[in-house]
Amino acid sequence: MAHRETISDDLGFFLDEGPFFWAISFSVGYSCRNKKEDVQLVQYFLNKIFDGNRRDGYTSRKNITVDGQFGGETWGAIKWYQKDLAPMVVADGMISAASGNDIDTKKQKRSYTIHWLNSNMAHFYPLLYKDIRNDPLLPAELRSQLSGPLKDLY
């Protein structure tokens, strides 16, 4: 399930966004578990980042449906993001779950896409990033799952 996780000093230096990141518990992609809240968090982040890039005139990429269902639309958006906006990741259409301790993936030694999503989200929406639950555009199901005190807050 999507959650907020404390990060190590090394990852904090890489992200430069504070002592946490918004994490997924299970990987999102074809042949992955695709927990609804994890997929929704990824879809939400992608749309916010696409909005920020459109605002800056960088892309005309359209938003995707934030429904928590992984399919071709979400896969295509992830692949596009990985290829065009996150050059240090593997462009495989998958978002691997990551801990707050690791900067790079074990196998490919590339950055985790979830970390890039967090970094871009914090860049475009620094105040909102601190607690995404305050965004009225956050899906109600995801907000409900993230409701209450988050144990992993500073």
Side-chain angles (χ1 to χ4, degrees), residues 1-29 32-56 58 63-64 66-70 74 77-82 84-154:
M1 81 179 62
H3 62 283
R4 194 151 121 166
E5 186 169 320
T6 302
I7 58 177
S8 69
D9 289 340
D10 289 340
L11 184 55
F13 179 75
F14 171 75
L15 290 177
D16 195 31
E17 309 305 339
F20 69 88
F21 78 107
W22 295 96
I24 54 176
S25 296
F26 298 97
S27 296
V28 170
C32 295
R33 242 177 125 171
N34 294 314
K35 299 289 281 182
K36 186 172 188 170
E37 294 85 6
D38 291 336
V39 176
Q40 281 182 319
L41 181 66
V42 168
Q43 291 168 330
Y44 166 77
F45 273 0
L46 287 168
N47 281 349
K48 294 300 271 189
I49 293 163
F50 294 163
D51 288 345
N53 277 286
R54 273 195 306 276
R55 185 182 63 223
D56 289 353
Y58 180 72
N63 284 1
I64 59 175
V66 181
D67 58 6
Q69 302 298 311
F70 183 84
T74 301
I78 292 170
K79 276 283 270 194
W80 185 89
Y81 172 79
Q82 290 171 326
D84 285 15
L85 299 178
M88 303 298 289
V89 305
V90 175
D92 58 3
M94 183 176 95
I95 310 264
S96 297
S99 76
N101 297 316
D102 299 320
I103 294 175
D104 295 328
T105 61
K106 305 270 188 258
K107 195 174 188 179
Q108 295 96 353
K109 303 294 183 209
R110 305 290 301 264
S111 300
Y112 282 96
T113 302
I114 192 67
H115 293 156
W116 277 85
L117 286 170
N118 273 267
S119 183
N120 288 159
M121 178 70 180
H123 168 76
F124 287 116
Y125 308 98
L127 296 176
L128 184 60
Y129 178 75
K130 293 177 194 287
D131 195 344
I132 61 173
R133 298 174 301 178
N134 294 324
D135 187 350
L137 298 177
L138 187 73
E141 295 163 289
L142 183 56
R143 182 186 333 281
S144 173
Q145 192 258 313
L146 294 173
S147 69
L150 295 170
K151 295 177 185 168
D152 215 13
L153 297 181
Y154 29 164

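These values consider heavy atoms only, across backbone and side chains, with no hydrogens, waters or symmetry-generated copies.
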**Student:** Mind listing the closest non-hydrogen atom pair of Lys79 and Ala91 along with its distance?
**Tutor:** NZ-O, 3.0 Å

**Student:** Any chance you could measure Met1, atom CE, to Gln145, atom CD, to the nearest 0.5 Å?
**Tutor:** 5.0 Å

**Student:** Supply the atom-to-atom distance Arg133 CZ to Leu142 CG, rounded to the nearest 0.5 angstrom.
**Tutor:** 10.5 Å

**Student:** To the closest 0.5 Å, what do you measure between OH (Tyr112) and OG (Ser27)?
**Tutor:** 8.5 Å

**Student:** Could you tell me if Arg143 sits above the aromatic ring of Tyr44, with its cationic atom closer than 6.0 Å to the ring centre and no more than 45 degrees from the axis?
**Tutor:** no

**Student:** Quick one: side chain to side chain contact (heavy atoms under 4.5 Å, CB included) partners of Ala77, sequence neighbours excluded?
**Tutor:** Leu46, Phe50, Arg61, Ile64

**Student:** Find the distance between CD1 (Ile132) and CG (Leu137) and round it off to the nearest 0.5 Å.
**Tutor:** 11.5 Å

**Student:** Quick one: closest heavy-atom pair of Leu11 and Asn101, and the distance?
**Tutor:** CD2-N, 4.5 Å

**Student:** Is a side-chain N or O of Arg110 found less than 3.5 angstrom from the main chain of Pro87, in a donor-acceptor match?
**Tutor:** yes

**Student:** Would you kindly say whether Tyr125 and Asp135 are connected by a side-chain donor-acceptor distance under 3.5 Å?
**Tutor:** no

**Student:** Within a strict 4.5 Å, meaning less than it, do heavy atoms of the Tyr81 and Asn120 side chains meet?
**Tutor:** yes

**Student:** Are any of the side-chain heavy atoms of His115 and Phe21 separated by less than 4.5 Å?
**Tutor:** yes

**Student:** A side-chain contact here means heavy atoms from C-beta on lying under 4.5 Å apart; do Asn118 and Tyr129 qualify?
**Tutor:** yes

**Student:** Looking at Asp9, I want to see if its CG is surrounded by more than 12 non-hydrogen atoms of other residues, nucleotides or ligands under 6.0 Å.
**Tutor:** no

**Student:** With sequence neighbours left out, what residues match Lys35 under side chain to side chain contact (heavy atoms under 4.5 Å, CB included)?
**Tutor:** Phe26, Arg33, Asp38

**Student:** Quick check on the 6.0 Å ring-centre criterion: do Phe124 and Phe45 meet it?
**Tutor:** no

**Student:** If you measure from CG on Asn134 to CG on Leu127, what distance do you get to the nearest 0.5 Å?
**Tutor:** 10.0 Å

**Student:** Quick one: are Leu128 and Lys48 in side-chain contact, heavy atoms under 4.5 Å?
**Tutor:** yes

**Student:** Sub-3.5 Å donor-acceptor pair from the side chain of Gln82 to the main-chain atoms of Met94, do we have one?
**Tutor:** yes

**Student:** Under a 3.5 Å distance rule, please check whether Glu5 uses its side chain to pair with a backbone N or O of Gly100 as donor and acceptor.
**Tutor:** yes

**Student:** Using a 4.5 Å cut-off on heavy atoms from C-beta on, say whether the side chain of Leu85 contacts that of Trp80.
**Tutor:** yes

**Student:** About how many Å separate CZ of Arg54 and CG of Asn63, when rounded to the nearest 0.5 Å?
**Tutor:** 4.5 Å

**Student:** Show the nearest heavy-atom pair for residues Val28 and Asn34, with the distance to one decimal.
**Tutor:** CA-OD1, 3.2 Å

**Student:** Provide the closest heavy-atom pair for Ala97 versus Ser25 in the form atom of the first, atom of the second, distance.
**Tutor:** CB-O, 3.7 Å

**Student:** So, for Ala2 and Leu146, which heavy atoms are closest and what is the spacing to 0.1 Å?
**Tutor:** O-CD2, 3.4 Å

**Student:** Do any N or O atoms from the side chain of Gln43 and from the backbone of Gly68 form a donor-acceptor pair under 3.5 angstrom?
**Tutor:** yes

**Student:** Write down the atom of Ala98, the atom of Ile114, and the distance for their closest heavy-atom approach.
**Tutor:** CB-CG2, 3.9 Å

**Student:** Tell me every residue that passes side chain to side chain donor-acceptor pair (under 3.5 Å) with Gln69, counting only those two or more places apart in sequence or in another chain.
**Tutor:** none

